Amino acid sequence: MKQDILEKNDKITISQRDNFNKKFGLVLRSSAIFYYKSAPDISTTLSFMNYWKLKRGIEVAIVASTRDMAGTLIKREELSFENGEVINYSPDLQPHSFFEGSIEIEVFSTKNLFIPYAAIMAIYETKQSISMVHSYSRTYSPYEIEEGQTITKGEESCWTLRDTTTVRSFCVFHNGGKAKDNQMITLRITGPNNEIRQTLIELPSLSPYNTVKLYPSDYFPDLSHWLDGQVANANISFAVSDAFTRLLVGNESLDGLDYQITHSNFNYSNHGTDKVDMDDIHAYMNVPDCDVDDKYVIIYPDSDPGSYEVSYLNSQKNFQTGEQVLLPIKGEQSLTFKKKDGVLPTRLVTGLVCENDTGLLPAECSLGVMTCLRPPKKLWWCLCVSNFSHHSKLIIVDNPQIYKSTESTPLNIRLYSSDKNTFIETTILYEEHSEDFSKGMNIKTLFPNAQEFLNNTYGYFTVYSEYGGLYCFTMISNLNGSYTLEHGF
């Protein structure tokens with residue numbers, strides 16, 4: 001059979017400007033596909049709110065397709081917002097007590113949706129831990145394939161490995177609706193002291209909607225010994241058919257009790273990105289307090305090639321492409337980035353890692369930097385929950401380096417649930433509670449009757465301000481001291 005060898009000179013340039021300007025063509029179908037696992041030791045829930053109606057008054061039709069790892073369709077059903085403005089979906093797959101595969105959510109409309117990515121959260125819960133991630137991959141619509149608006153050559157990075165004798169790292173990716181020939185893929189690890197290890201993996205042909213899960217330790221048997229308690233970064237070069245190449249990446253304990261995930265991002269040393277050609281040639285990352293003592297920012301190594309400087313805590317640190325940088329953060333901090341040997345790229349990928357004091361895996365949230373190109377964002381929506389076993393916080397930070405703050409920033413915060421077609425709301429001044437929002441405002445502080453309103457399951461905050469310069473996160477923790485952090489939509 002034919003094998004695909006990925007050529008490094010086949011470079012793709014991704015435009016942040018096109019993303020900001022919603023240049024996706026006519027979008028009548030929006031979608032997302034997730035890794036799904038259901039077993040006695042783990043559960044998966046897909047959660048999303050009716051933001052299409054909330055933002056633009058659009059009614060949508062929703063189809064959920066559950067497939068096994070080989071891509072075989074197991075179940076397909078229509079979902080609706082008839083009972084409430086939030087859907088929490090876990091398919092009934094009886095008599096299966098164990099299932100591993102994917103769930104694809106497709107959203108259809110007779111009006112332009114503008115964004116082909118559906119804003120959906122996946123929550124993974126084990127007996128000890130909780131973790132969540134927003135939409136990371138999707139299958140392309142026929143018009144995108146016909147018009148060539150696809151990225152199917154995977155150059156993915158920003159994947160943190162935490163392998164020990166009890167923990168192993170993994171990644172998951174999804175093929176689209178067309179088969180893919182067998183291929184040689186490259187797995188490359190940047191380890192301690194930025195030492196590089198690399199291997200080629202022969203990947204068998206992929207059937208339509210095939211889901212692939214890879215463990216680096218299968219190809220580097222001494223990985224945990226090599227890392228010796230430190231973290232590493234992995235990147236992977238591969239190809240799929242008719243699907244976006246973003247990965248689900250994470251780490252799991254070998255006993256299945258602990259599990260933490262996030263998503264990958266492009267390897268910008270192989271894929272290209274546009275540049276900041278405005279007057280302000282800096283980029284910024286404003287880190288919330290999160291009420292976490294032990295946290296740090298990761299600057300992932302596979303950036304646009306060049307040398308950089310990051311300033312924070314009245315000091316500067318130089319780094320270059322290929323180096324993984326860990327910056328310890330106390331409280332709320334502002335980081336400023338510049339490129340020392342060229343024009344700043346619009347994208348520089350970072351992550352925020354929040355440690356816990358229980359020995360469980362830390363939460364990692366894939367983020368990035370802001371530049372003056374980013375337009376104001378007035379409306380956010382974020383996952384939340386309130387019950388006897390989960391603690392939920394809304395976290396908000398300001399970005400005054402880019403946006404002109406006003407003296408008074410009223411926030412209209414609403415709460416939506418899965419079994420009500422109404423909402424409850426409150427209005428609060430951001431300036432009067434900025435420190436509380438940096439640490440995280442408890443859902444029960446904002447809404448004392450949140451548990452009753454949400455009926456003990458997942459719901460959504462919406463946050464609206466005319467200012468447009470705020471950035472929202474959600475943090476959820478459980479009784480075991482495990483927590484998970486993700487930015488809002």
Side-chain angles (χ1 to χ4, degrees), residues 128-134 158-162 164 167 169 192 227 229-233 249-251 258-265 283-301 310-317 319 323-337 348-370 382-384 390-399 401 434-442 470-478 480-488:
Q128 289 187 345
S129 65
I130 181 170
S131 189
M132 60 182 167
V133 67
H134 65 68
C158 311
W159 169 14
T160 302
L161 311 186
R162 304 181 184 278
T164 67
V167 172
S169 53
L227 296 185
Q230 300 183 64
V231 300
N233 181 85
V249 297
N251 295 270
D258 198 4
Y259 190 91
Q260 284 290 334
I261 44 84
T262 185
H263 63 83
S264 67
N265 212 307
Y284 308 97
M285 180 183 183
N286 293 302
V287 182
D289 184 288
C290 298
D291 201 21
V292 174
D293 291 331
D294 295 321
K295 61 182 181 289
Y296 59 90
V297 166
I298 296 181
I299 304 173
Y300 299 108
V310 57
S311 301
Y312 85 117
L313 292 177
N314 299 314
S315 64
Q316 291 78 38
K317 182 175 181 61
F319 65 95
E323 292 183 47
Q324 178 176 250
V325 179
L326 308 182
L327 302 175
I329 300 292
K330 294 294 183 183
E332 180 178 346
Q333 292 291 332
S334 295
L335 285 67
T336 301
F337 297 82
L348 188 63
V349 188
T350 61
L352 177 59
V353 177
C354 295
E355 303 274 3
N356 56 65
D357 56 7
T358 63
L360 295 173
L361 287 165
E364 183 172 342
C365 180
S366 179
L367 294 169
V369 298
M370 287 190 183
C382 306
L383 184 75
C384 62
H390 293 84
H391 174 74
S392 186
K393 298 191 298 185
L394 174 63
I395 297 171
I396 306 177
V397 292
D398 192 9
N399 297 277
Q401 304 97 327
S434 59
E435 290 187 9
D436 295 327
F437 276 120
S438 182
K439 291 180 179 293
M441 188 78 81
N442 192 310
L470 302 177
Y471 199 100
C472 296
F473 301 82
T474 181
M475 177 176 270
I476 298 175
S477 59
N478 65 15
N480 298 313
S482 172
Y483 40 71
T484 179
L485 176 73
E486 184 60 279
H487 63 78

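Position 1 is the first residue of the sequence; numbering continues from there. Keep in mind that this is a model prediction, so the values were computed, not measured.
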query: How many angstroms lie between atom CD1 of I476 and atom CG of L383, to the nearest 0.5 angstrom?
result: 4.5 Å
query: Under the criterion side chain to side chain donor-acceptor pair (under 3.5 Å), which of Q333, Q401, E332 is the partner of N286?
result: Q401
- prompt: Under the criterion side chain to side chain contact (heavy atoms under 4.5 Å, CB included), which of L470, L394, D289 is the partner of F437?
  reply: L394
Residues which pass side-chain hydrogen bond (donor to acceptor under 3.5 Å, both in side chains) with D398, listed by chain and number, not counting sequence neighbours: S405, Y467
- prompt: Is any side-chain heavy atom of D294 less than 4.5 Å from a side-chain heavy atom of K330?
  reply: yes
field: Approximate separation, where rounding is to 0.5 Å, of W159 CH2 and S366 OG
entry: 14.5 Å
query: Mind checking whether H263 and H134 have parallel, tilted or perpendicular rings, split at 30° and 60°?
result: tilted
task: Side-chain contact test, heavy atoms from C-beta onward, threshold under 4.5 Å: evaluate it for T160 versus V249 and give yes or no.
output: no
Test side-chain hydrogen bond (donor to acceptor under 3.5 Å, both in side chains) applied to S392 - qualifying residues, sequence neighbours left out: none
- prompt: Nearest 0.5 Å, what's the CD-OH distance between E355 and Y296?
  reply: 5.0 Å
field: Min side-chain heavy-atom separation K393-S477 under 4.5 Å
entry: no
message: Would you call the rings of F337 and F319 parallel, tilted or perpendicular, taking 30° and 60° as the class edges?
response: perpendicular
query: Are any non-hydrogen side-chain atoms of V310 and K317 less than 4.5 angstrom apart?
result: yes
query: Between V287 and Y312, is a side chain to side chain contact (heavy atoms under 4.5 Å, CB included) present by the stated rule, with each step listed?
result: CA-CA 11 Å; V287 182; Y312 85 117; over 6 Å; no
task: Can you measure from CG (L348) to OH (Y300) and round to the nearest 0.5 angstrom?
output: 11.5 Å
query: Are E364 and R162 within salt-bridge range, i.e. N to O under 4.0 Å?
result: yes
- prompt: From I299 CD1 over to L335 CG, what is the distance, rounded to the nearest 0.5 angstrom?
  reply: 7.0 Å
message: Distance check, rounded to the nearest 0.5 Å: M132 atom CE versus M475 atom CE?
response: 8.0 Å
